[in-house]
Protein chains: 2
Amino acid sequence: MDMTDTLVEARPRKRDAAATRARILAAAMDRFARLGYETASLREIAAEAGVDVALIGRYFGGKEGLFTEALKASIHPNRLRDHDRESYVRAVAENMANGPKDGESDQDGFQFLLRAATSPATAPLLNLAVQERFLGPIRDWLGGEDAEPRARVLAGVIIGFLVERLIRGKALRGREREVFIERASAILT
Amino acid sequence: MDMTDTLVEARPRKRDAAATRARILAAAMDRFARLGYETASLREIAAEAGVDVALIGRYFGGKEGLFTEALKASIHPNRLRDHDRESYVRAVAENMANGPKDGESDQDGFQFLLRAATSPATAPLLNLAVQERFLGPIRDWLGGEDAEPRARVLAGVIIGFLVERLIRGKALRGREREVFIERASAILT
DNA sequence: CGACTAAGTCAACGCACATTGACATAGCTG
DNA sequence: CAGCTATGTCAATGTGCGTTGACTTAGTCG
């Protein structure tokens, strides 16, 4: 059908390991986030990526390996250090007040996280990832005595608001929004 | 081996459909809440109930039917009204500090729902259940001005801790536990 | 050009699962 | 006691899964 490869990309490069890997990873992130670890199948993921199943084994070692990488890719380090305490708290609280729609793409990542939290097979992996990219930074940011349990509390609060926002389905408005932000800020401070 | 049935129960009543059904349902509630719909297997559930697998098919029609009934049985109204503010806050905070395993049945229903949300078919239940079991009761419990957004904040915090506990996988101990409970209580109060 | 390697393909394996139907037996009923 | 039905047992079937190993081909390098 296709005689030349000048269709979409400049040089499709028939055999490109990096591109194939990336497409598998993208498909995995999508399926895992939407379906969870056990329901999403490697065959589906491979099909969505337009790739043979065996390549997943080759590039990621197996389902767990693929999931681990997809998880890492879904949790991007937050920019804690760019904020002082007050501005960060305010930013987080406002973000929480928003609806799922107008949130950035971190929504998908968080959905991924939530699904991962509900599957026993992936819980240990998630624990590790959260430690690395979430709890650790917060703990360091807090510093001082009892940084660890205090970081856990803070992480719990933030996670909770994210879940609540995910479930809520719509943004808060007007007075309700203000009250929410005010209260949430108070808790986070 | 056993000639008489006077081992554990007074009258084991060899054939009792109602009792068998109940034991299957209890085992199902436990396994589904702990492992989620996909991971929990009918064979395990049957084994835990000390029953042949085929009976599940007979009594509940199949895995979906069993899950549906277990879900119904797991949603009971929470007992917010039994507590005054302080004792409830303390109970919730301590519950949060515990590991997923040793948690009491008070919040297990929520775990059940959260895990159920993994399965695309049962996902919409989560929103409804949170409204019913968390937001509504908390809002009424709080009462007064701005009960709605304040309830959202509180619900968010509680949900967050539950998820955090789910992720953490193990109980907090010693000083960390104390600090955690103290901080969580302060936030909830 | 010719060989070597990386990239992709194909088929098969073993496993665990839910489900089903035929069979066995306990306990009640007449 | 005889027979019937609810209750429980057993074995088999089909399906989809993740994984593995041998094979084929594209692209590159000497």
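The sequence lines fix the lettering, A, B, ..., with proteins before strands; numbering per chain opens at 1.
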Using heavy atoms and a sub-4.0 Å distance, could you list which residues of residues 54-63 of chain B are near DNA chain D? By number, please.
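Within residues 54-63 of chain B, the residues near DNA chain D are B:A54, B:L55, B:R58, B:Y59.
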Whether the side chain of A:R115 engages the backbone of A:A33 through a donor-acceptor N/O pair (distance < 3.5 Å, no angle test) should be reported.
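At least one qualifying donor-acceptor pair exists.
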Which whole-number value in Å describes the distance from [X] [atom1] to [N] [atom2]?
| X | N | atom1 | atom2 | result |
| --- | --- | --- | --- | --- |
| B:D16 | C:dC28 | CG | P | 11 Å |
| A:I24 | D:dG18 | CD1 | C1' | 15 Å |
| B:L35 | C:dA16 | CG | C1' | 15 Å |
| A:E64 | D:dC17 | CD | C1' | 15 Å |
| A:R15 | C:dA6 | CZ | P | 12 Å |

Which pair of non-hydrogen atoms, one from B:A147 and one from B:R139, has the smallest distance, and what is that distance?
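Smallest interatomic distance, heavy atoms only, reads CB-CG, 3.6 Å.
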Just to verify, what does B:T68 make a side-chain contact (heavy atoms from CB on, under 4.5 Å) with, not counting sequence neighbours?
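Only B:K72 meet the side-chain contact (heavy atoms from CB on, under 4.5 Å) criterion with B:T68.
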In Å and rounded to the nearest 0.5 Å, what is the CZ to CZ distance from A:R152 to B:R177?
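One gets 13.5 Å once the value is rounded to the nearest 0.5 Å.
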dist B:T39:OG1 -> B:R34:CZ (nearest 0.5 Å) comes out at 13.0 Å
Side chains of residues 46-57 of chain A: which donor-acceptor pairs under 3.5 Å do they make with residues two or more places apart or in other chains?
residue	atom	partner	partner atom	Å
A:E48	OE1	A:R31	NE	3.4
A:E48	OE1	A:R31	NH1	3.3
A:D52	OD1	A:A54	N	2.8

Using a strict threshold of under 4.0 Å (side-chain N to carboxylate O), is an ion pair present between B:E69 and B:R21?
yes
Do A:T122 and A:L71 come within less than 4.5 Å of each other through their side chains, counting heavy atoms only?
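With C-beta onward as the side chain, the pair stays apart.
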Hey, can you pull the residues of residues 39-53 of chain B with a non-hydrogen atom under 4.0 angstrom from DNA chain C?
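By residue number: B:A40, B:S41, B:L42, B:R43, B:V53.
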Any link between A:I45 and A:L125 through a network of hydrophobic side chains (Ile, Leu, Val, Met, Phe, Trp, Tyr) touching at under 4.5 Å?
yes
Between B:F32 and B:Y37, what is the ring plane arrangement, given parallel below 30°, perpendicular above 60°, and tilted in between?
parallel
With respect to the phosphate group of D:dG8, does any side-chain polar atom (N or O) of B:T20 fall under 4.0 Å of OP1 or OP2?
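For B:T20, the contact criterion (side-chain N or O under 4.0 Å from OP1 or OP2 of D:dG8) is met.
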Is there any side chain to side chain donor-acceptor pair (under 3.5 Å) pair reaching into residues 55-67 of chain A, and which pairs are they, with sequence neighbours excluded?
none
Report the secondary structure of DNA chain C in dot-bracket form, marking unpaired bases with a dot and bases paired to a different strand with |, and treating Watson-Crick or G-U pairs with both distances under 3.5 Å as paired.
||||||||||||||||||||||||||||||
